[in-house]
A.B. asks: 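Right, I'll just put the structure down here and ask away after.
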Amino acid sequence: MNSPNQNSEELLNNITLNTVPAYLDSILINFISNAIKYNSPKRNSFVKISVENNQENLVLKITANGLGIDLDKHREMLFAPKTTFHDKQDSRGIGLFITVNHVLSLGGSIKVESKLDEGTIFYIQFPKK
């Protein structure tokens with residue numbers, strides 16, 4: 001872990017990820033656009049992106065306080081093609097499928113925490129090489 005005296009800007013400047021830039025763009029765009037698309041009308045929305053640089057992985061954490069996903073019902077199909085979790089006309093069910101494939105092709109993994117009507121946290125882990 002980094003020094004507690006190190007500010008956020010210094011920390012971000014010290015992170016290097018060997019990746020396919022187009023894949024990383026796609027991953028970020030999908031999670032951010034989903035957070036916007038599936039915001040809750042009950043509260044002011046936010047999307048937070050943070051990075052943890054631990055010994056084994058670089059972990060990208062994306063938190064949004066939107067509609068959330070019922071993981072008890074949908075966990076097994078979360079990243080399957082043509083799977084949607086909310087009634088949005090423009091939902092195609094392809095974004096998370098593409099995103100997980102980009103992450104896996106980069107040697108990474110995704111973990112999810114979500115509660116209906118509270119929001120979702122995605123942890124995208126990329127191995128250090």
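Quick note: numbers below take in every heavy atom, side chains included, and nothing from hydrogens, waters or symmetry partners.
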A.B. asks: Working to the nearest 0.5 Å, report the span between CG of Asn65 and NZ of Lys42.
C.D. replies: 12.5 Å
A.B. asks: Locate the shortest heavy-atom distance separating Val47 from Ala35; write the atom from each residue and the value.
C.D. replies: CG2-CB, 3.3 Å
A.B. asks: Is a side-chain N or O of Asn39 found less than 3.5 angstrom from the main chain of Leu67, in a donor-acceptor match?
C.D. replies: no
A.B. asks: Under a single-linkage definition using a 4.5 Å side-chain heavy-atom cutoff for Ile, Leu, Val, Met, Phe, Trp and Tyr, are Leu104 and Leu28 assigned to the same hydrophobic cluster?
C.D. replies: yes
A.B. asks: According to a hydrophobic-cluster definition based on side-chain heavy atoms being under 4.5 Å apart (Ile, Leu, Val, Met, Phe, Trp, Tyr only), do Ile49 and Phe46 belong together?
C.D. replies: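 No, Ile49 does not connect to Phe46 through the hydrophobic network.
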A.B. asks: Run Ser45 and Ile36 through side chain to side chain contact (heavy atoms under 4.5 Å, CB included) and show every step you take.
C.D. replies: CA-CA 8 Å; Ser45 299; Ile36 293 167; over 6 Å; no
A.B. asks: For a 4.5 angstrom cut-off between non-hydrogen side-chain atoms, does Ile98 reach Ser26?
C.D. replies: yes
A.B. asks: Could you check whether any side-chain heavy atom of Ile110 comes within less than 4.5 Å of a side-chain heavy atom of Val112, counting everything from C-beta outward?
C.D. replies: yes
A.B. asks: Please determine, by modelled atom types, if Lys128 and Asn53 share a side-chain donor-acceptor pair under 3.5 angstrom.
C.D. replies: yes
A.B. asks: Is there a side chain to side chain contact (heavy atoms under 4.5 Å, CB included) between Thr63 and Lys61? Walk through the geometry before answering.
C.D. replies: CA-CA 6 Å; Thr63 305; Lys61 179 180 173 184; 3.6 Å; yes
A.B. asks: Please tell me if the side chains of Ser40 and Asp117 come closer than 4.5 Å, counting only heavy atoms from C-beta onward.
C.D. replies: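 Ser40 reaches Asp117 side chain to side chain.
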A.B. asks: Considering only heavy atoms from C-beta outward, does the side chain of Ile69 approach that of Leu116 to under 4.5 Å?
C.D. replies: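 Ile69 does not reach Leu116 side chain to side chain.
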A.B. asks: Could Asp72 and Lys115 be called an ion pair, given the rule that one side-chain N must be under 4.0 Å from one carboxylate O?
C.D. replies: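 A salt bridge is absent here (no side-chain N lies under 4.0 Å from a carboxylate O).
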A.B. asks: Using 30° and 60° as the class boundaries, would you call the ring planes of Tyr23 and His102 parallel, tilted or perpendicular?
C.D. replies: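 If you compare the ring of Tyr23 with that of His102, the planes turn out parallel.
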A.B. asks: Going through the checks in order, is the side chain to side chain contact (heavy atoms under 4.5 Å, CB included) test met by Asn34 and Phe122?
C.D. replies: CA-CA 12 Å; Asn34 278 356; Phe122 287 95; over 6 Å; no
A.B. asks: Going through the distances and angles, do Glu113 and Tyr123 end up as a side chain to side chain contact (heavy atoms under 4.5 Å, CB included)?
C.D. replies: CA-CA 8 Å; Glu113 294 176 8; Tyr123 301 90; 3.4 Å; yes
A.B. asks: Taking the side chain from Ser114 and the backbone from Gly119, do they hold a donor-acceptor pair closer than 3.5 Å?
C.D. replies: yes
A.B. asks: With rounding to the nearest 0.5 angstrom, report the NZ to CG distance, Lys37 to Asn30.
C.D. replies: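 Lys37 atom NZ to Asn30 atom CG measures 8.5 Å (nearest 0.5 Å).
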A.B. asks: Measure the CG-CD1 distance between Leu96 and Ile27 for me, rounded to the nearest 0.5 Å.
C.D. replies: 11.5 Å
A.B. asks: Please tell me whether Leu24 and Ile32 are part of a single hydrophobic cluster in this structure, the criterion being side-chain heavy atoms less than 4.5 Å apart.
C.D. replies: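 Same cluster.
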A.B. asks: State plainly whether one hydrophobic cluster holds both Val20 and Val51, where clusters connect Ile, Leu, Val, Met, Phe, Trp and Tyr through side-chain heavy atoms under 4.5 angstrom apart.
C.D. replies: yes
A.B. asks: Would you mind reporting whether Ile124 and Ile62 have side-chain heavy atoms less than 4.5 Å apart?
C.D. replies: yes
A.B. asks: Is there a donor-acceptor contact under 3.5 Å from the side chain of Asn57 to the main chain of Val59?
C.D. replies: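 Here the side-chain-to-backbone pair does not exist.
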